[in-house]
There are 2 protein chains.
Amino acid sequence: MDATAAPSTATPPRRARNAGATREALLAAAQEGFGRKGYERTTTREIGEAAGVDPALIARYFGSKADLYLAAVAAERLDDDERVGPVDDSQPFADLDQVVEVVLRRTARRGPGPILQALVRDDASPEIREAARARIVRRMVDPVAAQFEADGADRPVLRAQVAVAALLGVGLGRSLGWFDELHATDPDDLAALVLEALGRPD
Amino acid sequence: MDATAAPSTATPPRRARNAGATREALLAAAQEGFGRKGYERTTTREIGEAAGVDPALIARYFGSKADLYLAAVAAERLDDDERVGPVDDSQPFADLDQVVEVVLRRTARRGPGPILQALVRDDASPEIREAARARIVRRMVDPVAAQFEADGADRPVLRAQVAVAALLGVGLGRSLGWFDELHATDPDDLAALVLEALGRPD
DNA sequence: CTACCATGTCATCAGATGATGACTTATGGC
DNA sequence: GCCATAAGTCATCATCTGATGACATGGTAG
């Protein structure tokens, strides 16, 4: 058997061996797919085909489909210049004040965003939900709980969780246009109002 | 009393041969599942197990999973009476206290439910979204705004909208298991806590 | 009593999906 | 030029999902 000859016929311009380009292609295809059809309905095979790349490379470069989703989300944020909060996106916030301000401004400008959507939507996979959840906990709940505890509040963790959940509700409701005045109010005014209600852990 | 209805005492070990009851059980389980996790992520096997019925009967009685979903949505409107609040489902609530209690209890018992999901998801059809929105406004926001205004609060409508949005966030977060303590806290305890924060429209 | 049909049980199918690891091939340092 | 290693390909696995049809069983009409 002409082992050497057999593959020769087909040897098409096999994908250029360029890890960076492959990663980028996968990322772009993932953003498109996840953004258009959601996580569950976008398969790794589709992403691979759209990227002109073998789906197995997803595992190689990102670890798993869930990790690819997170990478896609993270990549979207790079276009975003949001300098209100920590420059490093993974840094926890300082206090409730900052959390409220950032959440309301961000949702006002960009809608709920992928992370909040992942938290809220029922078709998000458990891994995605968990990743988004963990992120919120670390960046928002934990620092607020610490603040409440320092203030000597009763059940500081629970109160922090309630405060963050409530804040996300307000941000979600505002950006989705649930209620007219809520939608029309300036984020900073709103922040003051929300802080007034949530910031009294006594 | 045992004669004809050997299984009369209670749910007999073996599923009673009762097509109507089986259908109902499947429908109820489907409502619960679809309402809590959405269509895609609720499997027929889960529904069957929750109903204590073989999943194959879904095909027999409803034709398919999709048909079951349609039947569940259609039936949802009928049993939408929440006895904690107004008997008439279209009646507004009395005050913030009642709103908080009902929302938290309900989401604790049945998950977000179709209305809240319709509000939250960006891919719900506009008519559904608008209907859900209008319902929330009339039943919750309006009475709370009236209450705030009677209390002489500043910007009562905006405050009511913020309060309701925050409450929905808490209910959503609790039923979706965002945060551990929030999830574990008894709805009535939580209601007290939330009310404490939201009920001071000074 | 018996036969028949509704009801319920079970095993299994076919398809899809994400993951995995062995295998092949190009690239670049030496 | 050689060859270790990165990059890419492929076959396949394990699992899950909805669906289906053969079979068992109970109730009841006659």
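Just so you know, these numbers use all the heavy atoms, side chains as well, and skip hydrogens, waters and symmetry mates. To find a chain, count down the sequence lines: A is the first, B the second, and so on, and within it residues start at 1.
Rounded to an integer number of Å, the gap from CD of B:Glu24 to C1' of C:dT7 is 16 Å. B:Leu26 places its CG atom 13 Å from the P atom of C:dT7, with the value rounded to the nearest Å. Separating the CD1 atom of B:Ile58 from the P atom of C:dC10 is a distance of 16 Å, rounded to the nearest angstrom. One interatomic measurement links the two molecules: CD of A:Glu40 to P of D:dC16, which rounds to 14 Å at whole-angstrom precision. Regarding B:Leu57, its CG atom lies at a distance of 11 Å from the P atom of C:dC10, rounded to whole Å. Between A:Glu49 atom CD and D:dG8 atom C1' the separation is 17 Å, expressed in whole Å. The distance between atom CD of A:Glu46 and atom C1' of C:dT17, rounded to the nearest whole Å, is 11 Å.
Which of C:dT17, D:dC10, D:dG8 sits closest to the side chain of A:Ala56 comes down to D:dC10. Checked against D:dT9, C:dT17, D:dA19, the side chain of B:Ser64 finds its nearest nucleotide in D:dA19. When distances are taken from the side chain of A:Ala59 to each of C:dC10, C:dA19, C:dT20, the shortest belongs to C:dT20. Considering only the side chain of A:Ala19, D:dA7 comes nearest among D:dT12, C:dT12, D:dA7. Between D:dT17, C:dT7, D:dT9, one nucleotide has an atom nearer to the side chain of B:Arg45 than all others, and that is D:dT17. Listed nucleotides D:dT17, C:dG8, D:dC10 differ in distance to A:Asp54; the shortest reach to its side chain belongs to D:dC10.
Under the 4.5 Å side-chain criterion, counting only non-hydrogen atoms from C-beta, A:Arg23 is in contact with A:Phe62.
Summary of the strand contacts: A:Arg60 and A:Lys65 both lie near DNA chain C, and taking for each the nucleotide with the nearest heavy atom, the more 5' one is attributed to A:Lys65.
A cation-pi contact, defined as under 6.0 Å to the ring centre and within 45° of the axis, links A:Lys65 to A:Tyr39.
Note on A:Thr44: every side-chain N or O is 4.0 Å or more away from OP1 and OP2 of C:dA19. Here B:Thr22 reaches the OP1 or OP2 of C:dG8: one of its side-chain N or O atoms lies under 4.0 Å away.
Comment: B:Glu46 engages B:Lys37 in a salt bridge, judged by a side-chain N to carboxylate O separation of less than 4.0 angstrom. Using a 4.0 Å cut-off between charged side-chain N and carboxylate O, B:Glu49 and B:Arg45 make no salt bridge. A salt bridge links B:Glu196 with A:Arg159: the closest approach of a Lys/Arg side-chain nitrogen to an acidic carboxylate oxygen falls below 4.0 angstrom.
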